[in-house]
Amino acid sequence: MDIPYTVEVRRDTGLTNGKIGIWLFLASEVMLFGALFASYILIRVGAPSWPRGDTILDVPLATFNTIVLISSSVTMVMAWASLMRRRFGTFRIYMGGTVLLGLVFLVVKYFEYGHHLELGEYPSTNNFLAIYYTLTGLHMLHVFGGMVVNAYFWGPGAKLWKTNPVWFTNRVEHSGLFWHFVDLVWIFLFPTLYLL
Amino acid sequence: MASDHATDMTSDHAVDIDKHVRVYITVFVALMVLTIVTVAVSRYHFPVPVAVTVALIVATIKGSLVACYFMHLISEKKLIYAVLALTVAFFAVLLALPVLTYSDGYWIR
Amino acid sequence: MSEQAIGAPKPHVTHEAHHEELGFWRKYVFSTDHKVIGIQYAVTGLLFLLFGFCLMMLMRWQLAYPGVPLPLIGGLLGEARMPGGTMLPEFYNELGAMHGTIMVFLGVVPLAVGGFGNFVLPLQIGAPDMAFPKINMVSYWCLFLGGITMLGSFFVPGGAAQSGWTSYTPLAVIAGTGQTWWLIGMIFLITSSLLGALNFITTTIQLRAKGLTFMRFPFFCWAQFVTAFLLLLAFPPLEAAGVMQLMDRVAGTSFFLPSGLVVSGQPLTNAGGGNTLLWQHLFWFLAHPEVYVLILPGMGIVAEIIANNTRKPLWGYRSMVYSLVFLGFMSFIVWAHHMFMTGMGTAMAAFFQTTTMIISIPSVVILTALIISLWGGSIRFNTPMLFAVAFLPMFGIGGLTGLPLGLNIADIPLHDTYYVIAHFHYVVAPGTIFALMAGIYYWYPKATGRRMNETLGKIHFWGSFVCMNVVFMPMFIIGLAGVSRRLFDAGTAYTFAQPTMHWNEVSSWGAWTLALFQLPFIFNFFWSIRKGETVGENPWQATTIEWSAPSPPPHGNFVHAPQAYRGPYEYSVPGAGKDFVPQYEA
Amino acid sequence: MTEWLGLPPLASAHGGQIDSLIGWIHIFMLVLFVGWGGFILYVLVRFRKSRNPVADYRGVTSHNSTYLEVGVAVVEAVLLIGFAIPLWATRVEALPPENEALVVQVTGEQFAWNIHYPGADRVFGRTDIKLLDLQSNPLGLDRSDPAGMDDITTVNQMYLPVNTPVIVRLRSKEVIHSFGVPEFRVKQDAIPGLTIPIWFIPTITTEEMRTRTANPEFQYEIACAQLCGLGHARMRGFVTVQSTEEFQKWMEETSKEQAGAASDPFR
Ligand code: HEA
Ligand code: HEA
Ligand code: CUA
Ligand SMILES: [Cu+2]
């Protein structure tokens with residue numbers, strides 16, 4: 001038995017199940033990060049003094065990472081576009097690129113964390129670092145999750161392209177939506193943590 | 001539209017997709033520029049309120065670009081808009097939380 | 001969406017190939033069939049309800065006879081918990097915290113949302129299954145892991161969480177290991193609920209049968225739909241808070257720890273600068289919507305059963321639906337009525353009191369509509385109906401006593417006393433639990449093809465109805481006398497508590513008798529699977545779509561896709577041949 | 001009018017208003033409950049299947065229930081705007097001026113109430129965590145600070161003058177406690193990191209209350225209302241309400257005695 005509207009859209013909503021599902025998921029993600037941002041503001045406002053991000057954190061490195069993540073968003077959407085144009089080869093390239101860029105991001109983060117830990121700057125040191133580690137850490141988990149999914153569509157998942165291209169394209173679009181959201185979160189994390 | 005393409009492989013829309021791709025590139029460039037801008041601005045240590053407003057405005061623009069074009073929100077179905085509207089409302093409540101806490105009473109430290 | 005898309009080649013492999021026969025494991029354990037998952041959820045929920053009840057019966061001994069060794073059982077629980085059979089305060093606090101947590105997150109939510117939602121909702125909207133069967137399975141197993149974690153926490157050194165189900169900081173941060181397990185367990189449970197919620201919403205929107213517009217929904221579907229949104233949007237903030245408390249505990253951060261804390265004479269070695277109230281805000285931001293998550297499915301069930309057994313349409317269906325949606329929306333902006341005594345100023349207090357009073361109105365509207373629906377009916381008093389009718393006054397008591405709590409000047413003497421305990425138990429225990437029992441008796445035939453025994457059912461009902469009131473009515477008296485909750489000795493130390501002590505005894509005996517009256521139910525539940533009277537598709541002559549499927553429904557539910565031709569409750573239509581015109585009959 | 005509710009005997013100035021609000025809202029609740037309850041019973045009997053075999057498709061046609069709902073809303077609005085909000089405002093904003101009131105600092109800790117009086121000079125002495133000693137000096141009060149010399153600190157024993165406004169400054173050392181005195185109709189969480197003032201006017205001395213309640217052991221008790229750990233159930237303080245003279249006498253004596261004890265070199 002097949003579930004209706006996994007591939008074709010339902011007439012009255014004009015949407016597939018997956019599309020609605022991913023957006024609902026993102027909605028809950030918004031509330032998750034929303035709560036963290038709210039906590040950040042609340043604690044910062046309450047604090048007698050608060051360090052400027054760039055006095056502690058490495059802005060150039062983070063800027064580089066921002067660029068990496070944004071580029072990965074573009075490759076992601078290009079990957080989807082190539083499927084729309086029925087160019088599976090280019091899809092592979094772009095998708096591979098997306099995954100690699102994600103990897104670069106994680107590697108950079110790894111060194112960033114390592115650096116701070118060497119300097120003895122732990123989450124427990126002060127609330128600025130506490131927030132920094134918590135927010136970026138959670139975001140990092142999201143990046144990792146997105147990478148796994150994308151890698152799957154790049155590799156084994158791509159089999160679906162042969163049997164049901166439409167469905168495959170949809171799934172890539174949905175994992176793309178998640179990936180862009182992760183990028184979007186970073187776009188706000190970057191200034192709030194590093195620049196202010 | 002854009003979202004429907006997912007379910008629409010007819011070649012005459014390929015043209016349409018090309019248009020999209022061009023948009024993506026422009027957005028990409030814009031995002032890069034804005035990134036540089038925020039960093040640059042933060043170099044001059046403006047007073048916190050100014051810095052915050054600028055940073056947030058830029059971030060919001062970047063965010064909306066990603067949401068509208070990469071995530072196709074610019075042309076989504078009503079249903080998705082409805083869900084997001086609801087979310088935004090409660091998100092606002094969340095962000096009001098600090099304000100509440102420090103507005104009155106003895107919650108202020 | 002182009003024709004070609006609609007006519008796009010159906011995937012050869014759907015999520016999993018149902019077509020060939022599945023093995024035992026895939027069919028009954030790691031199943032993706034919403035009915036199997038629903039039953040898994042329901043049974044898990046019931047077992048946890050029973051477990052939570054057992055914890056509470058232990059506590060009730062200590063409350064009735066503080067410091068008196070508990071015969072037999074007391075000895076078995078070990079020196080660490082009940083040396084010589086007398087309960088230690090740490091163990092009492094464990095039991096209290098875990099009773100609350102288990103009842104709410106592992107008992108009622110899995111049964112009401114996971115169980116009834118999964119089993120009934122797709123059938124009622126005429127769907128072959130949930131929109132995302134795999135995610136559905138994952139969400140159940142997340143719940144399972146969460147449950148295991150919570151149970152496991154009883155055996156870690158220092159025992160389970162002891163800081164109440166509210167886990168207020170800083171107490172929870174400086175508490176023992178059990179709290180860490182609690183937090184991890186909660187993160188599993190939250191994930192489970194989130195996955196479930198997005199699945200329900202998508203299913204409801206996408207998989208509705210042809211002709212089933214939202215205003216033709218059975219009230220139960222509406223209730224589940226709104227509930228799903230509450231879960232989806234209210235739970236993430238608690239997840240965030242949970243992560244932060246976890247950080248505070250394991251990584252030594254100070255999100256919830258202000259500077260300068262001195263624990264038993266020793267300054268706390270942490271950075272400080274956190275905010276204690278932040279936790280309460282984030283917790284109640286979830287936990288108030290959560291309490292409506294506990295009640296709304298119950299209301300849905302009651303509405304179904306009342307319509308069916310009065311043999312007439314619900315009165316004021318539309319107003320009920322609007323109230324429901326409004327209720328759901330409002331429930332996000334009343335949370336601080338749990339924090340009236342934390343020192344809020346006039347403006348905050350005014351705001352949250354007002355919203356709290358406003359949110360009580362839709363409940364009044366819904367209750368009123370349900371009561372008035374009885375008028376003019378031809379009322380059949382079968383077991384489901386008895387539980388459903390009893391729900392009304394019980395929820396009435398619980399709800400009405402919410403009002404004094406909602407006016408914070410009146411809340412001053414009542415806050416954190418047994419009055420609060422009584423208030424919310426009237427809504428969750430004789431309220432929600434009764435509604436859920438009604439639902440079990442009502443949909444059991446659909447799930448098993450057999451009806452539960454009526455006589456046993458009636459014994460179960462009358463016994464529970466009397467006992468519930470014996471348990472909780474005294475708590476109002478105790479609370480009004482000013483006795484605090486969470487006292488491991490029921491307030492023995494306090495002079496003003498003395499006059500209330502005997503009421504604790506009454507309440508406890510009520511609770512233990514209540515347990516006895518659950519035995520017929522438990523027996524009935526298992527016995528009827530094999531021995532119950534067999535029934536056809538539609539034993540209750542009901543109108544909603546789930547009754548058009550065979551009982552029990554096969555995989556894929558319907559022989560051919562159903563269609564809705566009219567509203568959900570077309571009973572006793574003048575001029576119609578029979579006294580009910582099903583939604584699904586042309 | 002609120003005896004039937006079984007609230008503890010009332011012994012504070014503002015408590016009366018609270019009681020009457022509680023009384024009225026409970027009457028309102030009873031009316032609703034009895035009304036609807038009666039209605040339900042009647043309907044269940046009148047429309048049982050055996051008596052009414054055929055249900056009426058339309059049911060109730062009148063919309064009187066709407067008036068009821070509006071009625072409920074109105075009553076709630078009145079209670080809210082007429083009583084709750086203004087009364088709360090007087091609780092948190094109309095604090096008496098400190099020079100006319102007795103200011104006491106109460107610091108909760110696991111599991112005791114530390115009571116701190118500023119003494120005759122009405123100024124609280126400096127406290128310092130380094131001086132803190134659980135036995136002799138739980139608040140770490142600095143006796144060498146001139147302001148601190150005449151200060152009085154007690155554990156779990158609070159003395160108050162009758163008919164005098166009292167401002168209690170609530171604080172906590174580690175976890176959240178809740179300062180509740182049922183007879184005074186006061187309750188307030190003690191939140192670590194915050195200092196929260198509450199105020200009330202005791203109207204009945206302990207002595208008088210003993211005669212009234214015909215209980216020679218009667219004591220006003222401070223009950224901790226917020227779960228704060230193992231000793232939560234035992235975190236009990238006492239309030240002794242005395243005539244102003246008695247209170248003054250107590251304050252002078254204790255002040256001397258504690259100052260002496262602190263300066264005593266052999267101690
Ligand atoms: C299902 C759960 C549930 C529900 C539905 C409610 C409903 C309400 N609750 Fe309750 N509440 C809890 C669960 C619930 N609550 C829990 C668990 C706590 C304690 C948490 C903790 O501290 O551990 C709590 C605590 C709590 C507090 C905090 C008390 C304190 O800590 O000091 C407050 C304060 O405003 C409150 C208010 C209300 C109000 C105004 C409603 C309103 O929505 C009620 C509206 C309903 C009505 C007004 C009744 C309408 C019916 C009729 C009019 C007809 C009745 C008559 C007949 C049928 C015969 N609740
Ligand atoms: C849904 C929520 C829920 C439910 C249903 C209950 C049900 C009950 N609760 Fe619970 N309780 C809470 C939520 C709940 N409670 C919370 C949140 C707290 C606060 C905790 C804290 O302080 O942090 C609390 C606290 C609390 C206290 C106060 C403890 C204290 O403050 O020190 C007491 C005291 O008597 C109590 C008693 C009871 C009793 C006697 C029941 C009875 O009604 C139990 C009835 C149960 C049943 C009737 C079970 C039926 C199920 C079956 C029989 C299973 C059958 C199985 C199969 C068929 C497989 N509860
Ligand atoms: Cu201090 Cu409870
Ligand atoms: Cu609430």
Side-chain angles (χ1 to χ4, degrees), chain A residues 7-9 13-16 19-20 23-24 26-28 30-31 34-35 37-39 41-46 48 52-54 59-60 63 66-67 70-71 73-74 76-78 80-81 83-86 165-166 169-170 172-173 176-177 179-181 183-184 187-188 190-192 194-196, chain B residues 3-9 11 13-14 16-18 20-21 24-25 27-28 31-32 34-36 38-39 41-43 45 48 51-52 54-56 58-60 62-63 66-67 69-72 76-80 83-84 86-88 90-92 94-99 101-102 108-109:
Chain A
V7 183
E8 74 281 16
V9 300
T13 59
L15 292 162
T16 59
K19 189 64 161 292
I20 299 180
W23 273 111
L24 288 169
L26 292 186
S28 80
V30 170
M31 293 305 276
F37 272 105
S39 313
I41 300 168
L42 192 144
I43 288 177
R44 179 170 184 167
V45 174
R52 266 183 64 98
D54 53 14
V59 175
T63 317
T66 313
I67 292 170
I70 292 177
S71 323
S73 253
V74 179
M76 182 78 221
V77 74
M78 288 307 288
W80 170 76
L83 284 183
M84 295 298 292
R85 297 154 133 175
R86 295 252 185 77
V166 186
T169 317
N170 291 358
V172 169
E173 186 193 9
L177 284 171
W179 190 255
H180 299 312
F181 176 78
D183 181 14
L184 199 153
I187 287 179
F188 280 92
F190 173 57
T192 37
Y194 291 80
L195 304 181
L196 296 177
Chain B
S3 63
D4 303 350
H5 290 302
T7 60
D8 184 336
M9 311 292 285
S11 53
H13 282 72
D16 202 47
I17 278 296
D18 291 335
H20 280 290
V21 172
Y24 298 148
I25 305 304
V27 171
F28 174 60
L31 288 172
M32 287 304 164
L34 287 169
T35 310
I36 309 305
T38 19
V39 179
V41 170
S42 74
R43 285 256 169 276
H45 293 300
V48 175
V52 172
V54 175
L56 283 188
V58 177
T60 316
K62 288 167 72 182
V66 172
Y69 296 102
F70 290 176
M71 301 171 86
H72 310 313
E76 245 323 335
K77 291 282 170 295
K78 274 203 297 308
L79 184 68
I80 303 290
V83 170
L84 292 182
L86 193 67
T87 315
V88 169
F90 294 138
F91 179 77
L94 266 178
L95 288 192
L97 223 157
V99 190
T101 311
Y102 295 108
I108 308 100
R109 171 177 280 95

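In the text below, chain A, chain B and the rest are named by the order of the sequence lines, each starting its count at 1.
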Output all residues satisfying side-chain hydrogen bond (donor to acceptor under 3.5 Å, both in side chains) with A:Trp23, sequence neighbours left out; order by chain, then residue number.
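In terms of side-chain hydrogen bond (donor to acceptor under 3.5 Å, both in side chains), with neighbours along the sequence ignored, A:Trp23 is linked to no residue.
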Which atom of [X] lies closest to which atom of [Y], heavy atoms considered:
X       : Y        : result
B:Met71 : A:Leu177 : CE-O, 3.4 Å
A:Ala38 : B:Leu94  : CB-O, 3.5 Å
B:Ser42 : A:Asp54  : O-OD2, 4.4 Å
B:Gly63 : A:Leu184 : O-CD1, 3.8 Å
A:Ala81 : B:Val21  : CB-CG2, 4.1 Å

Between chain B and each of A:Ile67, A:Thr192, A:Val172, count heavy-atom pairs under 4.5 Å; write down the option with the most.
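Going by pairs under 4.5 Å, I would pick A:Ile67.
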Go through A:Pro191, A:Gly53, A:Ser28, A:Ser73 and name the one with the most non-hydrogen pairs under 4.5 angstrom from chain B.
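Maximum pair count with chain B is reached by A:Ser73.
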Please say whether more than 12 non-hydrogen atoms of neighbouring residues, nucleotides or ligands are located less than 6.0 Å from OH in B:Tyr69.
no
With respect to chain A, which residue among B:Val48, B:Thr60, B:Leu86, B:Val27 yields the maximal number of heavy-atom pairs within a distance under 4.5 Å?
B:Thr60
What residue, out of B:Val83, B:Leu97, B:Val39, has the most heavy-atom pairs lying under 4.5 Å from chain A?
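Heavy-atom pair counts peak at B:Val39.
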Can you tell me how far the [atom1] atom of [X] sits from the [atom2] atom of [Y], to the nearest 0.5 Å?
X       : Y       : atom1 : atom2 : result
B:Ile80 : A:Leu24 : CD1   : CG    : 7.0 Å
A:Thr66 : B:Leu34 : OG1   : CG    : 12.0 Å
A:Met84 : B:Ile17 : CE    : CD1   : 4.5 Å
A:Ile70 : B:Leu31 : CD1   : CG    : 5.0 Å
B:Lys77 : A:Lys19 : NZ    : NZ    : 7.5 Å

Less than 4.5 Å to any heavy atom of chain B: does that hold for the side chain of [X], its backbone, both, or neither?
X        : result
A:Tyr194 : neither
A:Ser71  : both
A:Val59  : side chain
A:Leu196 : side chain
A:Met31  : both

Test A:Arg52 against B:His45 for side chain to side chain contact (heavy atoms under 4.5 Å, CB included), laying out the working first.
CA-CA 10 Å; A:Arg52 266 183 64 98; B:His45 293 300; 2.8 Å; yes
Would you check if the distance from the ring center of B:His20 to the ring center of A:Trp80 is below 6.0 Å?
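No, they do not, as the ring centres are separated by 6.0 Å or more.
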